[in-house]
Structure formats: structure tokens, C-alpha cells
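We use all heavy atoms of the structure for the numbers below, so side chains are in, but hydrogens, waters and symmetry mates are not. Counting begins at 1 with the first residue of the sequence.
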Amino acid sequence: AATPAPTTAAPVDPAALLTAALDQLAPGYHFVTTATVGGQVAVSAEGDHANGSTRMTLTSSGTATDYVITAESAWAFADGTWQELDRAESPLDPLAALRAPTSVTLLVDADTERFLGAATLGLAGDAASTVEFQLANGSIASLAYVAAPANVSAVITPIDPATVITLPNA
């Protein structure tokens with residue numbers, strides 16, 4: 001009788017894992033991001049990104065500001081009214097910068113959980129950072145990076161792709 005050939009798992013492609021995990025979030029996601037400096041929360045942002053638009057609340061020094069950003073315009077709620085902002089200076093998709101790492105490394109490979117390191121991601125005005133992703137069942141569960149002097153972490157969860165983000169009535 002013939003002996004069956006041994007099976008070996010295909011090697012894991014970290015860049016493909018990261019791309020697939022980001023693609024799963026393309027229809028929409030909820031995010032909670034916190035930046036700490038010296039162990040103290042300096043700024044936090046919580047919001048949703050869906051169908052190319054973002055709404056979020058940014059909190060710093062005890063003051064919260066609401067933002068709505070679409071392809072057409074950007075708005076902030078401050079001093080009791082909505083104010084239109086310069087759309088060119090507003091990030092449309094908070095995860096867009098994560099799609100172009102210079103390299104991706106598999107740090108931990110377990111059955112349902114993987115950790116990836118993506119090197120030298122740069123955000124406008126920031127020095128390049130190394131981002132560590134935690135993937136659970138192929139989806140991004142969290143990410144963390146250092147943008148000196150801050151340590152930044154985010155928890156990301158998918159949302160209903162039918163979520164609609166609308167502009168405020170000025």
C-alpha cells in the first residue's frame with residue numbers, strides 16, 4: 001500500500017494577512033483610540049467609519065469635540081454649533097495609512113490569534129512608527145504603536161455596513 005504524502009501547511013504571508021484583515025473592515029468599523037504620554041491619557045478618539053465617512057468624538061484635557069468627515073466636507077461641533085472645517089486637512093479613513101507598510105512580520109502565530117508587526121508606517125506630520133496588530137480569527141482586534149512621546153493603542157470592531165454617517169445641519 002502506498003504511504004500518503006505528508007501534508008505541510010503553506011507558509012503564512014504576513015502582508016497578505018494584514019491586507020485581508022484591513023479588507024474585512026472596509027465596509028465599516030468602530031474604533032476607540034487612546035494616546036498616553038507619561039502614563040496619562042493625552043487624547044482619546046471614539047467613533048465609527050462607514051461607507052467612506054467618519055464620525056468621532058475627540059477628547060483632550062476634559063474637552064470633547066464631535067467631528068463628522070465625509071468625502072464632501074468636514075465639520076466640528078464646538079461652542080454649541082457645527083462649524084465647517086477645511087476638508088483637505090481631515091483624514092477620511094483613520095486606517096488608510098496602515099495599508100502601506102514597508103514590511104510586515106509575523107510575531108506570533110497561534111490557532112485563532114496572530115500578532116503582526118508592520119514597520120515604518122508614517123502618518124502626515126509624524127515620524128514613521130512600527131505598529132503591532134493583534135488579529136483574532138483573521139480580523140484586527142487591536143493595534144498599538146509609539147509616536148514619541150505618545151503610546152497609542154486602538155481597539156477596532158466591525159460595524160453594520162448599512163451604517164450611514166450624515167452631515168450635520170449647520
List for me each residue that meets side chain to side chain donor-acceptor pair (under 3.5 Å) alongside [X], sequence neighbours excluded, and say none if there are none.
X    : value
S73  : W75
T163 : none
T57  : D66

On a heavy-atom basis, which atom in [X] and which in [Y] lie closest, and how many Å separate them?
X    : Y    : value
L18  : V104 : CD2-CG2, 4.0 Å
V152 : T33  : CG1-CG2, 3.7 Å
F133 : L135 : CB-CD1, 3.7 Å

- Please name all residues satisfying salt bridge (charged side-chain N to carboxylate O under 4.0 Å, His left out) with D23, sequence neighbours left out, ordered by chain then number. R99
Can you list the residues that meet the side-chain contact (heavy atoms from CB on, under 4.5 Å) rule with [X], with sequence neighbours excluded?
X    : result
T157 : H30
L106 : V12, P14, L17, D109, R114, L116
A78  : Q83
V43  : A35, L58, S60

For [range], which residue pairs pass the salt bridge (charged side-chain N to carboxylate O under 4.0 Å, His left out) check, not counting sequence neighbours?
range            : answer
residues 142-162 : none
residues 144-155 : none
residues 34-62   : D48-R55
residues 135-156 : none

- Below 4.5 Å, heavy atoms only, C-beta onward: do F31 and L143 meet side chain to side chain? no
